[in-house]
Q: 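Supplied in structure tokens, the structure appears directly below.
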Amino acid sequence: MRFVVIGGDAAGMSAASRAKRNAPDLDVVVLEQTQDVSYSACGMPYAIADHRRQLDELVVRRAEVFRQKQGIDLRTGHRVEAVDTRAKQIGGTTLEGRRFELAFDKLLIATGASPRRPEIPGAGLNGVMALKSLEDGRAIQALLAGKSVRRAVILGMGYIALEMSEALRTRGVAVDMIKPGPVLLPWLHPDLAAVVRQELEAHEVRLHLGRKLQRIESAGPNQLRVVSEGAELDCGLVLVATGVAPNSGLAEKAGLQLGPQRSIHVDKGLMTSCQDIYAAGDCADAVHVVTGRDVWIPLALRANRAGWAAADNATGRPVELPGVAGTAVFKVFELQVARTGLNAVEAREAGFDPVETVIQSRSRAHAHPGASTIHVQMVADRRSGKLLGVQMVGKEGVAHRINAPAVALHAGMTVADFIQCDLAYAPPFSPVWDPLLTTANQLFKAL
Ligand SMILES: Cc1cc2nc3c(=O)[nH]c(=O)nc-3n(C[C@H](O)[C@H](O)[C@H](O)COP(=O)(O)OP(=O)(O)OC[C@H]3O[C@@H](n4cnc5c(N)ncnc54)[C@H](O)[C@@H]3O)c2cc1C
């Protein structure tokens, strides 16, 4: 039996390894269009921040290890261009231009996502770069090493854009960030977004909100000009960080059902609308544990977990994944920003009757030195009393604290249940009433 995997990063290589472990005699073939497999894209902004670091440090396991130690037939430089669901065959082209075809018994599509590029003149100029693959990271590192980049303009203000603003400031590069929308981090409560904005301004990152991009043009050797309504910004690097879109073209052409934002629709066992064809990772959708609806939230843990689960199912070990809570965290300069579940707007759209509380608490006990402010927002449903979501911003104690409400969302807890949770306390780590419990107590009174 042959299990073919398209895509050799988080979801694809997790699946290939797991399948080989479950069924050592299985013929596992991975087709990856680039020369890179199994790396931590999430680590790229931090590697780029440090001129001494090589992007290759982020490779988790090398292609030879998969081939020699795990017996996986890993073919890099192989781009899959078509899936024939009836003949159970895929076809494509190698980097050298050779056509190939391959039959499968079970197939996993793990093609990830690609950066969205603005459709403006000049978007293809040299020096206009996105950060998605390791190759992208190497290209940015090489450009920065050339020392021609004194100023960078970042298009977009999502989490990768913000992580990169810090990386570039650390490298001594002046940073402007620009987006057409009027609000920084629209999914974040405005009080918390204001804290992020202050942090960016404190590090001299210039924000240009509400500016529609018009074009990018050359402004001399190694220099670019970003032209928008009301601003012209000259720079040596334009970083495109305006979001990603699922790589679902293959699946769509093959007639597979699509889900939210044109991701590939899968069931809880990662099966697509076609028997024996699975999809996992950034190309596929998931069920949201709070709403029960299909969502597309492309993040790394889900990709790894869905890869495993798809392999389990393909090798006859049935498993279902309950879904995602949309738990995410990122760092921008000194700040940690985290969320899980829904904000009030999303909760209303999902049919809940949301009530929210925003408080400020401390990261350490009263009188314990070194404490900083933790901003917490919590949303619940007035009708059921259920916890729906939490957001936090602060200089310490945010990143891992978000995991407590994430677990509560998976468990379907009410705010009253959450208040009774036995959370850890010692003066260096929190007040005796953890900021989450203080917020939950306030929210309970408002329900
Ligand atoms: C800068 C950056 C920072 C991030 N930080 C975080 C973070 O802090 N936390 C977090 O949870 N997530 C983060 N992510 C997202 C995380 O990296 C992704 O969720 C994860 O990589 C998804 O894995 P995947 O295997 O589904 O897709 P990908 O990593 O996109 O891999 C898909 C692979 O498929 C290959 N492929 C595509 N089409 C074809 C084809 N037709 N034929 C052959 N091969 C093909 C691609 O070349 C690629 O190697 C970050 C991403 C980036 C770019």
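Both counts, for ligands and for their atoms, begin at 1 and track the order of listing.
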Q: Is ligand 1 under 4.0 Å from a heavy atom in the side chain of Ala110, in the backbone, in both, or in neither?
A: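 Backbone only.
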
Q: Quick one: does any side-chain atom of Asp136 pair with a main-chain N or O of Ser133 as donor and acceptor, under 3.5 Å?
A: yes

Q: Could you tell me whether some N/O pair between Glu163 and ligand 1 is separated by less than 3.5 angstrom?
A: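 Looking only at distances, the answer is no, because the N/O contact criterion of under 3.5 Å is not met.
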
Q: Is it the side chain (CB and beyond), the backbone, both or neither of Ala300 that lies under 4.0 Å from ligand 1, heavy atoms counted?
A: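 Both of them.
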
Q: Is the shortest N/O to N/O distance between Asn247 and ligand 1 below 3.5 Å?
A: no

Q: How long is the straight-line distance from CG of Asp105 back to CG of Asp276, given to the nearest 0.5 Å?
A: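 Going from CG on Asp276 over to CG on Asp105, the span is 8.0 Å.
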
Q: Has ligand 1 got any nitrogen or oxygen that is less than 3.5 angstrom from a nitrogen or oxygen of Tyr39?
A: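 No: no nitrogen or oxygen of Tyr39 is under 3.5 Å from one in ligand 1.
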
Q: Based purely on interatomic distance, does Asp9 place a nitrogen or oxygen under 3.5 Å from a nitrogen or oxygen of ligand 1?
A: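 Between Asp9 and ligand 1 (N or O atoms, distance only) the closest approach is under 3.5 Å.
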
Q: What part of Ala113, side chain, backbone, both or neither, has a heavy atom within less than 4.0 angstrom of ligand 1?
A: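 Ala113 to ligand 1: backbone contact only, side chain stays beyond 4.0 Å.
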
Q: For ligand 1, which part of Thr111 has a heavy atom less than 4.0 Å away: the side chain, the backbone, both, or neither?
A: both

Q: Does ligand 1 have a heavy atom under 4.0 Å from the side chain of Val37, from its backbone, from both, or from neither?
A: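 None of Val37 does.
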
Q: Go through the steps for Phe100 and Arg75 under the test side-chain contact (heavy atoms from CB on, under 4.5 Å), then give the verdict.
A: CA-CA 11 Å; Phe100 65 86; Arg75 305 181 193 177; 5.7 Å; no

Q: Heavy-atom distances under 4.0 Å are what count here, so tell me which part of Phe330 touches ligand 1: side chain, backbone, both or neither.
A: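 No part of Phe330 comes within reach of ligand 1.
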
Q: Examine Val80 against ligand 1 and note whether any of their N/O atoms are separated by less than 3.5 Å.
A: yes

Q: Does ligand 1 have any atom sitting under 4.0 Å from a heavy atom of His78?
A: yes

Q: Below 4.0 angstrom, N of the basic side chain to O of the carboxylate: do Glu81 and Arg99 qualify?
A: yes

Q: Does Asn343 offer a backbone N or O that forms a donor-acceptor pair with the side chain of Glu346 under 3.5 Å?
A: yes

Q: Considering distance alone, does some N or O of Ala10 sit under 3.5 Å from an N or O of ligand 1?
A: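 Yes, there is a polar N/O contact under 3.5 Å.
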
Q: Using distance alone, determine whether Cys42 and ligand 1 share an N or O pair under 3.5 Å.
A: no

